[in-house]
Structure formats: structure tokens, C-alpha cells
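Presented below is the structure to which this report refers.
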Amino acid sequence: MDFIKKLLQTNQERGRASIQITVENDFNLPDYEPDMIKLIDRKGSARIHETRVEPDQVIVNGALLFQALYKCTESGNICSLQGDVPFTETIHMEGVQETDQLVLQSSMDDLTLGMINSRKLNVRALIELHVADQMEQQIELPCGIENNTVQTLYEQQKMLQLLTQKKDICRIHSEILLPSNRPNISKLLWQCVQLRGLDSRIRSGEIELSGELLVNILYRSEEDEKQIQCMETTVALHERISCSVCDPETIFKLVPVQVQLEVTPATDEDGENRVLMLEGTLDFYLRVWREENLQILQDAYSLLDELVLEREPVSLQSLLVKNDSKFKVADQLQIENQPAEILQLCASVGEIFIEDSRIVPDGIEAEGILKVRMLYITASDDMPIGIAEGVIPFSRQIEAEGIHPDDTFELSAGIDQLTVILADNSQADIKAVIGLDAIVFRRQHNSMITGISQQPVDLEQYEKQPGIAGYIVKAGDRLWDIAKEHHTTVSDVMQMNQLSSEHVSRGDKLLIVKQMGIQTNVLDNYP
């Protein structure tokens, strides 16, 4: 018996793995850099270069990138250096195949730089690697039967049709001009580029990204090599990502997996170092779905034959809710061991870490921390640069009405705004706006009809059924089940009992007449 089928493209997370690795190595200062007296500050990130999939394992090649500020022996100046420590790690994932679509995200929990001697550093960091195996699959859903003598039961279900899932890169390029009251750049000592308030909106044929890039630099000026200059500025981010399947009716999830942004000094039209070239990439993972209302065949029977339904379990996905929320946190950062007056705040760096997330009644509970690091200039000639750091814990419930423990969700976090104001020489006031983006999927575990075969009716059992019967509806009864059990049709039961709809209630009394359509078929099968 032939089906009318609908092809559904879907994705399911087949597996997930997370590991922590320690990346450590010694780093020698280049010959052209002066000796170190004291380390002042450090900054780092994990960068993934290549992901290779082999049966049951994922091989990750990457590097720990670090940046350091230190006091050097050269007249006590502030110097800087950059370096990297490569690493290769194997993540075991049972069942993963080369053709699978993997999403790899990395984060650095801790970075420690230690002086071994004036020419050598020990670099050590704890890096977390998170891998999710997003498997694509095609499911043929039975949406009808090409036989008008068969009684059929359908159910309307809202499902997600996967239109695309891909990894892509958004390239960012911008030029920043130094303000006229700033001296020319002699050497760039320290830089930090932070992505703030990333927002994505879907358009016809594209996705629009907006936000801002907060740029902080520390440099030596050409006018006075000993004079340290700092500057903070913002660059508007407005990029368009081509996506042919996108339109305002589709649903999407864009997850940044790696941000690589760097600032390099360049000359202007007069040949002076007054230009900063901001270049880099935003690596992201994109999925786009369309919600479809599908009529799925749930049951069938015939008055002429006995139908044997073949079924297989299938898990289908629907959208429960997509919720983007924002909330505020505030605290004070203590500045300890600071003997000299703070003259100027150079930069405030913030990082968000979600430490735990779980389903609660009508929502998702997320717990995490906001790490804040502050770089400032002091009045001390001996140590003109100082740092302070602190942690602000937070807990937030994201609304997701109707969520069940069996539902799955994805949660991403980012900093929309971060403001640090010096209250006095010993503390700073911190205010931040944090964004939490959640998408919740409902898994519908169905027993899908995959085949129907016909066989002769059990004549003895058929003859035992009365031709006319009275029936009192029990709790949970459907008119479909009553008609199927008594070898008749829903429309005949409704007509016989003058029902205006298929709805019946407990205690209703029905008169049921068995259909005799089987007799012709019985004679054909039993000569």
C-alpha cells in the first residue's frame, strides 16, 4: 500500500563532550627585547586552528595566545611581548564520523605567567574544549494513503524543518584615527578588543549583525618614550551575512564560536603613526529552521481487510520558545596594595562564564560569574601601571513557560555593557548589563508508521461481533477507537447518533451498527 510522504530535514545532537586541558611551556624573550624586572599584566586566549574527525575521536590543533606587560631593565620602561604555545588534544566521542557536523567552542579559565629568570617566562593556562555533534538526518513522514477505502487518522503537528546548518566566517575590517590631542604612536604595548552587545536579526536573504567593538590600547609616544598613553574608543559593528534560505518567517540560532580581532599601528597620509588597523574574524555556527504544520498519519484500518501497521520510533523536534533576555549586575571592586595615586583608568575587560544551567518550573536557571579586570595608570614612576581584578557571581532565571525536564535547550551569554568608575584610590564601582540567549526545543517521541500490509480478516472473530451494539463512553475514549473496535466508521457513528462533532464525553451513550463491507472480501478470500 503506497504512502503519500513528506521529507523532513532535521538535526539532532547525537553527542557532546567536554574536557579541560593544561597548556604549559617555557617562553624565551626574543633577543631584541630587554630583560624583565617585574611582570605587570597578562592577557590570553585560546585559538583553534584545525579540527580533524576520525572514527570515535576528534583531534584539535590550536594555540594559547598570550600578551604580557612587564617592567624592563631599560631605564625602567614598560615593555611588552606576545607569544603562543601550540597544543594538540584528542577528544574521545563514541560514534562520531568524519562526515558529522561538529561545533567546537573553547574558553580559557586561567592564565598564569611566571618569571623563571630575566629572559624566560613560564606560561600556563587551563583551557576548556566543548564539542557537540550535530547530526543531520532526513525523515520520511507518512502524510496520507493512496487508497480511498481505508479509514485514516491524522494528527496536526508543528515541527522544525532544518533549512541549513553551517560554519562560516565574518571578516571585520576598520580604521581608527587617533584624536588630534593624542601624540603619535612609537610602539604599541598592549591592546584589547572586546565584542559588546552582539545582536543578530534575520532579513530576506541575509542575517544582519550589529553591536560594537570596544578597543583599548596602551602605547609609547614618539614625543617621549617614557610617557605611556592609553586610549579607549568604540567601533560600530554592522555586518551582513548572506543566507539564501532566510526570510522573516524563519527561525535561526547564530552562535559565535571564536572571535579573533587585532589592532596594528599604521601610517596616515602624512606618514605619521596615527592610524590603527582593526582586523579580524568572527567564526560562527548558524542554523536556520522553518516551522511547518504537518498532517501526520497516526492510524489506519479497513472494513474490507485487516491492516497490519509497521511502526518505528522516531524523535521529532519542535520549537518551544526562543528567549533573549538582559539583566543588570553591580558590585564594587577592591583595589589592593596600591601605594600611589591612580591617575587614569586605561581599560576594563570583562568575561562571562556560565557555570551551571538547569531546567526549573517554567524556566531555565543559569548561574555564572562575571570576571572583571582593570588596567590603570598610577602616579608612581617606579610602577606606573597597575591592575585590579574581581569576580561578580550572578543567578538568573530565563522564562520558558511550559518547559519539561525532557526538553533540550541551548544557552549563550554575552556582555552588552560594562562600566567601571573609580570611587576612590581603593575601590571601583562596577555596573554591567548581561545578555542571556536561550532556545528551547521540544522532543516529540513518536511511533511512526513505516509500512502497511493487508491480510484477510479473522472471520471467526468478526462473526462474534454483534451487528448492533450499545456503548457507554469511558474516560479517555476517542470516537476513532470506538469506531475501529466495532468495525464501522466515525462518520457512520456520528450520523447514527446525530453528533455534530467527534467529541464525546464520559457517560455518553452511543448506538453502533457494524458495517458489513467485509462480506464481499470474505467470499473473495475464502472460496
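Computed from a predicted model, the values in this text were never measured in an experiment. Both backbone and side-chain heavy atoms feed into the values below; hydrogens, waters and symmetry mates do not.
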Quick one: side chains of residues 313-321, donor-acceptor pairs under 3.5 Å with protein atoms, not counting sequence neighbours, listed by atom name and distance.
| from | atom 1 | to | atom 2 | distance (Å) |
| --- | --- | --- | --- | --- |
| Q317 | OE1 | R443 | NH2 | 2.9 |
| S318 | OG | Q444 | NE2 | 3.0 |

Any chance [atom1] of [X] has more than 12 other-residue heavy atoms, nucleotides or ligands included, within less than 6.0 Å?
| X | atom1 | result |
| --- | --- | --- |
| R124 | CZ | no |
| Q495 | CD | no |
| R311 | CZ | yes |

Whether [X] side chain and [Y] backbone form a donor-acceptor pair below 3.5 Å:
| X | Y | answer |
| --- | --- | --- |
| R373 | S348 | no |
| D56 | G95 | yes |
| D247 | E249 | yes |
| D100 | Q97 | yes |

Exactly one of [options] should register a side-chain contact (heavy atoms from CB on, under 4.5 Å) with [X]. Which one does?
| X | options | answer |
| --- | --- | --- |
| L436 | I352, I364, I354 | I354 |
| I359 | V440, T408, I403 | I403 |
| Q258 | L104, I48, I169 | I48 |

Please list, chain by chain and in numerical order, all residues satisfying side chain to side chain contact (heavy atoms under 4.5 Å, CB included) with V259, sequence neighbours excluded.
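Scan of V259 (side chain to side chain contact (heavy atoms under 4.5 Å, CB included), adjacent residues dropped) gives L195, L261, L282.
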For T450, check side chain to side chain contact (heavy atoms under 4.5 Å, CB included) against everything at least two apart and list the hits.
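Listed in chain order: E310, E312, M448.
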How long is the straight-line distance from [atom2] of [Y] back to [atom1] of [X], given to the nearest 0.5 Å?
| X | Y | atom1 | atom2 | value |
| --- | --- | --- | --- | --- |
| S200 | F252 | OG | CZ | 3.5 Å |
| I392 | D331 | CD1 | CG | 4.5 Å |
| L418 | I430 | CG | CD1 | 7.0 Å |
| T281 | R171 | OG1 | CZ | 6.5 Å |
| D324 | D437 | CG | CG | 4.0 Å |
| L214 | Q417 | CG | CD | 11.5 Å |

Contact check, side chains of [X] and [Y], non-hydrogen atoms, under 4.5 Å:
| X | Y | result |
| --- | --- | --- |
| F87 | V85 | no |
| M496 | V493 | no |
| C246 | S204 | no |
| L213 | I172 | yes |
| L303 | H487 | yes |
| L411 | I398 | yes |
| I439 | F409 | no |
| K514 | P466 | no |

Restricting to pairs with a member in [range], which pass salt bridge (charged side-chain N to carboxylate O under 4.0 Å, His left out), not counting sequence neighbours?
| range | result |
| --- | --- |
| residues 356-371 | D356-R358, R358-E367 |
| residues 392-419 | R287-E410, K326-D416, D407-R442 |
| residues 152-163 | none |
| residues 480-492 | D299-K484, R478-D481 |

Validation: residues 236-244 side-chain donor-acceptor distances under 3.5 Å, sequence neighbours left out:
| from | atom 1 | to | atom 2 | distance (Å) |
| --- | --- | --- | --- | --- |
| R240 | NH1 | E206 | OE2 | 2.6 |
| R240 | NH1 | E208 | OE2 | 3.1 |
| R240 | NH2 | E208 | OE2 | 3.3 |

Are a donor atom and an acceptor atom from the side chains of T149 and N147 found within less than 3.5 Å of each other?
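The answer is yes; a qualifying pair exists.
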Taking it one step at a time, do W289 and K253 satisfy side-chain contact (heavy atoms from CB on, under 4.5 Å)?
CA-CA 9 Å; W289 302 269; K253 178 68 174 175; 3.9 Å; yes
Could you go step by step and tell me if I139 and L7 meet the side-chain contact (heavy atoms from CB on, under 4.5 Å) rule?
CA-CA 6 Å; I139 302 174; L7 188 64; over 6 Å; no
Before giving the answer on side-chain contact (heavy atoms from CB on, under 4.5 Å), spell out for Q454 and L307 the whole-Å C-alpha distance, their side-chain angles and the decisive distance to 0.1 Å.
CA-CA 5 Å; Q454 298 167 277; L307 302 184; 3.6 Å; yes
For Y301, check ring pair (Phe, Tyr, Trp, His ring centres under 6.0 Å) against everything at least two apart and list the hits.
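For Y301 the ring pair (Phe, Tyr, Trp, His ring centres under 6.0 Å) partners, ignoring immediate neighbours, are W480.
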Which atom names give the shortest non-hydrogen contact between R290 and V245, and what distance separates them?
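Nearest heavy atoms, R290 then V245: NH2-O, 4.1 Å.
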Shortest non-hydrogen contact from G350 to Q194?
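Answer, listing the atom of G350 first, then Q194: N-OE1, 3.2 Å.
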Using side-chain contact (heavy atoms from CB on, under 4.5 Å), reason through Q101 and K167 one step at a time and then give a plain yes or no.
CA-CA 9 Å; Q101 180 82 275; K167 289 180 282 188; 3.5 Å; yes
List the atom pairs, donor and acceptor, that lie under 3.5 Å between side-chain atoms in residues 502-513 and the rest of the protein, sequence neighbours left out.
| from | atom 1 | to | atom 2 | distance (Å) |
| --- | --- | --- | --- | --- |
| H503 | NE2 | S505 | OG | 3.3 |
| D508 | OD2 | S505 | N | 2.8 |

Please output the side-chain donor-acceptor pairs of residues 125-136 that fall under 3.5 Å, not counting sequence neighbours, one pair per line with the distance.
| from | atom 1 | to | atom 2 | distance (Å) |
| --- | --- | --- | --- | --- |
| E128 | OE1 | H130 | NE2 | 3.1 |
| E128 | OE2 | Q20 | NE2 | 2.8 |
| H130 | ND1 | S18 | OG | 2.9 |
| D133 | OD2 | R14 | NE | 3.3 |
| D133 | OD2 | R14 | NH2 | 3.4 |
| Q134 | OE1 | N11 | ND2 | 3.1 |
| E136 | OE1 | Q9 | NE2 | 2.8 |
| E136 | OE2 | Q165 | NE2 | 3.2 |

Show me, pair by pair, the donor-acceptor contacts under 3.5 angstrom made by side chains of residues 57-67, not counting sequence neighbours?
| from | atom 1 | to | atom 2 | distance (Å) |
| --- | --- | --- | --- | --- |
| Q57 | NE2 | E54 | OE1 | 2.9 |
| N61 | OD1 | T88 | OG1 | 2.7 |
| N61 | ND2 | E50 | OE1 | 3.0 |
| Q67 | OE1 | Q191 | N | 2.9 |
| Q67 | NE2 | Q191 | O | 3.4 |

Parallel, tilted or perpendicular: rings of Y471 and H486 (30°, 60°)
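Ring orientation of H486 relative to Y471: perpendicular.
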